[in-house]
Each structure stands twice: as structure tokens, then as C-alpha cells.
Amino acid sequence: MKHSNRFRMPMLTLLSGALLATGVAVQPASAHNPSLRALAERAGVRIGTAVDMAALADDRTYRRTTAREFNSVTAENVMKWESVEPQRGVYDWKPADDLVRYAHAHGQVVRGHTLVWHSQLPGWLTTGVADGSIDATELRGILRNHITTEVKRYKGRIQQWDVVNEVFEEDGSLRNSIWLQQLGPSYIADAFRWAHAADPKAKLFLNDYNVEGVNAKSTAYYELVKELKAVGVPVQGFGIQGHLAIQYGFPGQVAENLARFEALGMQTAFTEVDVRMILPVDEEKSATQASYFRRLLDACLGARSCKSFTVWGYTDKYSWVPGVFEGQGAATPMDEEYGRKPAYGELREGLAAGR
Ligand code: G3I
């Protein structure tokens, strides 16, 4: 996804004396130093992270911390189409299989991310559509096959699937993707039906950024859900990514937004939370960031429909932010040395306070 700056993804009371703004080394969980996941289990919510599979393979601290702190994982990249089917009909499941195996070994659930997106599509597909060698009828079959193959492969092992990702523009119009251009708006309902047929137990989600509060984009999702449900389309969840930036302020009416989806019978989830800032970090920015993490978490804990809260990486060592937003970063709850920031402390306090 190309992010423009319009992508407005816009103190610390200590539970243990170990939490410092400057961070501390990774410690084993204990009664006095409970992990996020231990507290989340008591609060009845999943606490998740996106996982970078290269880091999981190479970095022992990353492996240990991912297991210690989280009870839900999302593949940051390796379940995306360009990763699983780099050449037509040639699949590479290994990194995704590795994640599912890691999760199982550590008692974690998996969020599947993502089946239909305009970004990170394989070159053979975008080229074929552009040069006309793949027409609309064939494309629909290709999409159906992709969804069916991937969902069936992980049947019973994915708790929530992001079936369609980022399908609206900021003004609430449907994104002008190859899916809309070639297949028309019905591709959204089709995608949910195909995913449901492949794994009837997985909870099927819409997912997007800039939909934390009530605005034109989240309202477009609200209307879409009503339409889909009216004709029996199996859609069960609304995923709110939660990519915030302190310089754009905190979104308005987050609780109201969750409540209106809940009233439609939807599950909700925060799926990709991070809070970036213009570098360098200072104490005030760090405190603001911590409060943003806490306010999103509290919104989740305050809504019965909100079953999981996932951060998009938990250490700045592997965050996607600096590579996309020049001069910005420090967006996660731990610094590059796994030191805990005030944001980590706020997540811990929020989870400890429970629902
Ligand atoms: O794997 C290749 C590697 O082989 C190659 O050498 C290298 C050179 O650029 O690129 C590597 O791929 C990169 C990939 O991340 C894996 O690291 C891509 O270039 C890079 O574009 C890709 O970025 C990901 C981005 O989605 C793609 O749009 C980010 O890691 C990932 O955090 C980000 O996640 C998205 C969510 O899926 C949807 N919501 C927004 C979120 C943040 O943009």
C-alpha cells in the first residue's frame, strides 16, 4: 500500500517497578511481572501482534518475546497473495505454515491476513489484467481459487480472516482497485461466500485503516455490513487497523463506532495498532503515544463485541513505519532493544484493569 500523508492514521502508574520510559531488558513473566498475555487472558480478550517471519527465524529475543507477551499472531506479510503464489499455480506456503506451527506450539490463535487486497498482488496477476491476457471471467475464477485454496489450507487453524482489506476510499466511495474495475462491487460478497464455504467456523472480517472513529469511511463500512447482512452474506467482523499518528490527534467517537457495529451483530477487533510520531522521540510524545494505545485498548475492552487487540509489531526494531513515512517512527510499545516504553505500561495497566 502506498501511504500518503493523508493517511492520517492521523503517566505511567507502575504495576511493577520494572517499567521505565527508557525501557528495560526482556524479563521472564512472573506473578510480579505479568505478561500482556497473562493479563489479557484474565480480561477475556486476545492480545496480538503482527509477526515478521524473518525476525522470528533470526532473532531469539523476538521469538521469546512474541511467545511471552501475545496469545494471538497475524502474519505481517507471508499470507498475502504475492507471498503465497508468487508465480501462477506455484505456491510457497512455508513461511505461513511456520507461523501457524509456531502459534500452535505456543498456545496462540492466528488472524489470517489478508485474502483480497489491492496491494501486494503477485506480478503475474497484475500484469495479466493490465495486458488483457486475464479477462474478468478468468479473474473471478482466479480470485475464487485463491480464497478457497488458502482458507482450506488453514481450515480450523485461523480464528479470524481479513477477507477483504481496505476497500473504501476516505470519502466512503469504493476503492478503484482492479477488483472493482474488473468484477464490480459484487466481488466483496463473493469473497465472503467463498471464504465461508472453505472454513465455515472462521470469523470473517472486513478490515481497514482510518475507521477508528465515526467518519465517512467507517460509515461506508457500516452501510456495507447492513447490505451484506440483509442478503445473508457471511460477514462476522469489522477490523479496525488503528494506525495512528500523534501529530494528527486521536480520532473522535471510537466507542460510538464500535457500538454501532456491535448493534449489527458484528464482532469488532483492533487489528494493526501502532502510534507513530515525528522523530526524535521525547518524553511528551512518548506519553501521548502511550495514552493513544491506552484509549484504543480501553475502547476495545469497553465493547463486548471486541474480542482482540493486535499491535502491528511490538518492537521498533522491525516496524514498517520508518520505511514508509520519512522522519517518523518509534510507533510500537517497545524500542529497538526491546525496552518497554510508557505505551507498554499503559497496555499492561489497561489489561490489568480488565473489562
Ligand atoms: O520480501 C521482500 C524482499 O525479498 C525484498 O528484498 C525487499 C526489497 O524491498 O522487499 C521485501 O518485501 C517487502 C515486504 O514488506 C516484506 O518485508 C516489501 O517491499 C514491503 O513493501 C512490504 O511492506 C509491507 C506492507 O504492508 C506492504 O504494503 C509491510 O511490511 C507491512 O507491515 C504492511 O502492512 C500493512 C497491512 O498489510 C495492511 N494495513 C496497512 C499495513 C501497513 O502498511
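First listed ligand is number 1; within each ligand, the first listed atom is number 1. Because only heavy atoms are used, hydrogens play no part in the values below, and waters and symmetry mates are left out as well, while side chains stay in.
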Next on the checklist: Check this for me: K201, atom NZ, are more than 12 non-hydrogen atoms of other residues, nucleotides or ligands nearer than 6.0 Å?
Outcome noted: no

Checklist entry - With only distance considered, is E272 within less than 3.5 Å of ligand 1 through an N or O on each side? => result yes

Next on the checklist: Taking P251's backbone N and O only, do any of them form a donor-acceptor pair with E212's side chain (distance below 3.5 Å, no angle check)?
Outcome noted: no

Item to check | Partner set under salt bridge (Lys or Arg N to Asp or Glu O under 4.0 Å) for K152, not counting sequence neighbours | outcome: none

Checklist outcome for this item: Among M79, E76, Q120, closest by heavy atom to atom 31 (C) of ligand 1 is E76

Checklist entry - Is the closest N or O pair between H113 and ligand 1 shorter than 3.5 Å? => result yes

Next on the checklist: Counting only heavy atoms, tell me which of N77, D208, T114 gets closest to atom 17 (O) of ligand 1.
Outcome noted: N77

Next on the checklist: If we ignore hydrogens and angles and just use 3.5 Å, is the side chain of Y102 paired with the main-chain N or O of R63 as donor and acceptor?
Outcome noted: yes

Next on the checklist: Counting only heavy atoms, tell me which of Y209, W312, F325 gets closest to atom 35 (C) of ligand 1.
Outcome noted: W312

Next on the checklist: Tell me if the aromatic rings of F270 and W312 count as close, with their centers under 6.0 Å from one another.
Outcome noted: no

Item to check | Atom of M79, atom of H113 and distance for their closest heavy-atom approach | outcome: CB-O, 3.2 Å

Checklist entry - For ligand 1, which atoms, with element, lie under 4.0 Å from some heavy atom of N165? => result 38 (C)

Checklist entry - If you count the atoms of ligand 1 from 1 in the order shown, which ones are under 4.0 Å from a heavy atom of E166? => result 38 (C), 39 (N), 40 (C)

